[in-house]
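Chain identifiers are assigned alphabetically (A, B, ...) following the order of the sequence lines, protein sequences preceding nucleic acid strands; residue numbering begins at 1 within each chain.
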Amino acid sequence: MSTTRRVVIEPLTRVEGHGKVTIRLDAAGEVENARLHVVEFRGFERFIQGRPYWEIPVAVQRLCGICPVSHHLAAAKAMDGIVGVDELTPTAEKIRRLMHYGQIFQSHALHFFYLSSPDLLFGFDADPAVRNVIGVAGAYPELARQGILMRKYGQEIIEATAGKRVHGTGAIPGGVNRSLTDTERRRFAAEVPRQKQWAMEAVAIARDYTLENLAFAGEFAAFPSNHLGLVQADGTFDLYDGVLRAVNAGGEKILDDVDTSRYADVLVEEVRSWSYMKFPFLREFGPDRGWYRVGPLARLAVCDRIGTPAAEAARADFSEAMGGLPGTMSLAYHWARMIETLSAIEEIERLLDDPDIEGADLVRRGQRRNRAVGVIEAPRGTLFHDYVVADDDTVMRANLIVSTTSNNEPMNRAVESVARKFLVGTEITEGLLNHVEVAIRAYDPCLSCATHALGRMPLVVEVQDAAGNTVGEGRRGS
Amino acid sequence: MSTTTAQKSIRRSPNERVLVLCWGNPGRRDDGIGPCLADRLKAHHLEGVTVESAYQLQIEHANQVAESDLVVFVDAAASGPSPFIARPLGPLGKPAFSTHALEPGTVLALAHELYGADPKAILLGVRGYEFDEFDEHLSPRAERNLDAAEHWLAAALKSDPS
């Protein structure tokens with residue numbers, strides 16, 4: 001008689017959305033595999049279809065409360081193509097970049113100071129009652145206040161460039177509808193030195209943690225992978241625009257700077273019966289060898305350099321610690337994320353010193369097209385928006401690949417790696433729950449965005465035998 | 001606590017700084033009750049009352065909360081009495097779930113931990129019914145509940161010169 005059992009963890013604490021983890025045990029009680037399941041909410045395509053194309057950059061922000069700006073900009077980039085604009089005015093591009101860097105800055109700060117810092121500061125095994133945002137506020141109030149002010153700064157930049165923090169309207173097909181006033185520019189510029197200093201300190205915290213725990217990080221949810229992201233044509237790091245590049249675990253280019261409009265030629269989204277979230281992979285290499293990571297770790301792996309000095313120095317330091325190869329450690333996402341935060345504030349500084357940011361030439365128009373693709377590097381990774389617009393100006397079809405979907409396979413592997421290491425018997429220990437949480441959180445997933453689900457966050461661990469009978473359970477959260 | 005009692009606890013002096021913090025996703029039907037109430041309340045131009053609308057409660061709201069004497073948190077309620085329920089709220093020491101989105105009690109706890117602020121707080125839960133599809137319209141029943149909540153809150157927030 002088979003004694004295969006399954007451990008079910010659902011849903012995840014402190015990651016967004018509604019998902020569960022199942023760990024299947026073999027007859028010997030060893031981990032056979034681990035799967036991250038996601039409950040999908042359907043209907044977003046229907047919500048989009050039939051709407052006039054110019055409404056889309058605002059409407060898509062309904063998708064997600066975590067990174068609406070990324071959806072706003074990806075959709076706007078696609079709609080640039082629909083109105084036949086391949087190159088924005090200098091002011092329009094710079095305003096959009098400023099908005100995007102503000103979004104990256106505040107999103108990464110939120111994740112680091114409030115989601116991951118409790119793990120790093122208190123240790124993975126600390127009591128969850130302490131290892132949380134309130135615990136950080138009590139034990140490290142200055143750090144917590146910095147996090148709030150970094151987040152606030154990014155949000156204020158979004159408000160100034162998008163019109164408002166929620167459901168901004170700043171990016172429109174072919175350009176933007178506002179630029180910065182001189183007062184706004186001066187106000188934001190005056191704040192840069194302090195924000196940059198905090199970003200540098202955050203890089204140091206993440207760096208020191210990784211280096212001091214290198215042996216552990218090298219075993220915790222660590223595995224080689226392909227990496228995918230946007231880079232400029234010369235290989236420079238770019239979060240707003242560029243060509244698609246992928247590298248393998250050895251750092252060799254396996255997707256050689258492909259135009260983003262051709263994404264469907266090089267990527268395939270696989271459906272698996274047990275998950276609503278798809279599994280994208282590089283077509284040329286198939287599902288087994290073609291899956292890839294996205295997000296901060298991947299972006300540092302695919303780029304040749306960062307175009308701002310402090311972030312480039314930090315990248316070189318990071319690359320050296322990784323042995324000059326693409327990162328394998330899920331925990332290294334935290335360090336990479338803070339390097340991107342530093343890059344974002346340096347880019348903000350540069351833009352605030354550019355007179356174009358106050359310009360008045362905001363919109364271009366070209367020859368109307370029926371299909372266009374917009375791709376951007378969202379905080380969590382590469383985000384694809386693909387639209388077909390009918391001659392009557394309404395959207396006929398939309399396809400979105402969100403960052404968390406691309407990280408689906410890596411997150412599954414991370415959970416499996418942790419389960420193999422920390423699951424003993426069928427007992428659902430706090431240690432196991434903590435480590436599963438930490439592994440998934442490294443990817444900063446936004447499951448509500450990936451699946452269009454309302455987020456609910458209790459954590460339930462269930463052990464099932466081969467017949468599906470529950471033989472053990474652990475629970476955390478509401 | 002009855003809504004009448006809650007209304008009395010909201011009653012304030014003209015100098016009190018009031019923050020009404022409404023949240024939800026207007027693209028998911030009745031989840032948008034909070035932002036809808038914010039839009040309506042702004043039209044009342046209540047003196048000394050700041051009305052904010054957000055997708056989700058977040059850490060930066062602790063800053064705003066700390067600068068207020070009274071905070072009214074407004075959210076859609078997926079269960080409970082209709083048209084709405086109002087009850088006092090205190091700091092919650094342990095986040096119930098994701099910090100991608102905070103509970104109002106956690107925002108109060110952050111305001112206390114980081115800024116030593118303990119404003120009076122009320123949670124107003126307006127009953128909604130339809131949350132599971134993308135649509136920018138409230139259900140008819142939620143609309144009626146919103147009408148009642150707007151009427152009640154606007155009356156409660158008028159400053160009491162006595």
Undergrad: Mind listing the closest non-hydrogen atom pair of B/Leu114 and A/Ala137 along with its distance?
TA: CD2-CB, 3.7 Å
Undergrad: Quick test of your reading of the model: are A/Arg151 and B/Glu60 salt-bridged, counting only N-O distances below 4.0 Å?
TA: yes
Undergrad: As an exercise, state the distance from CZ of A/Arg145 to CD1 of B/Ile59, rounded to the nearest 0.5 Å.
TA: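 One finds 13.0 Å between CZ of A/Arg145 and CD1 of B/Ile59.
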Undergrad: Nearest 0.5 Å, please: how far is OG1 in B/Thr106 from CG in A/Asn132?
TA: 8.0 Å
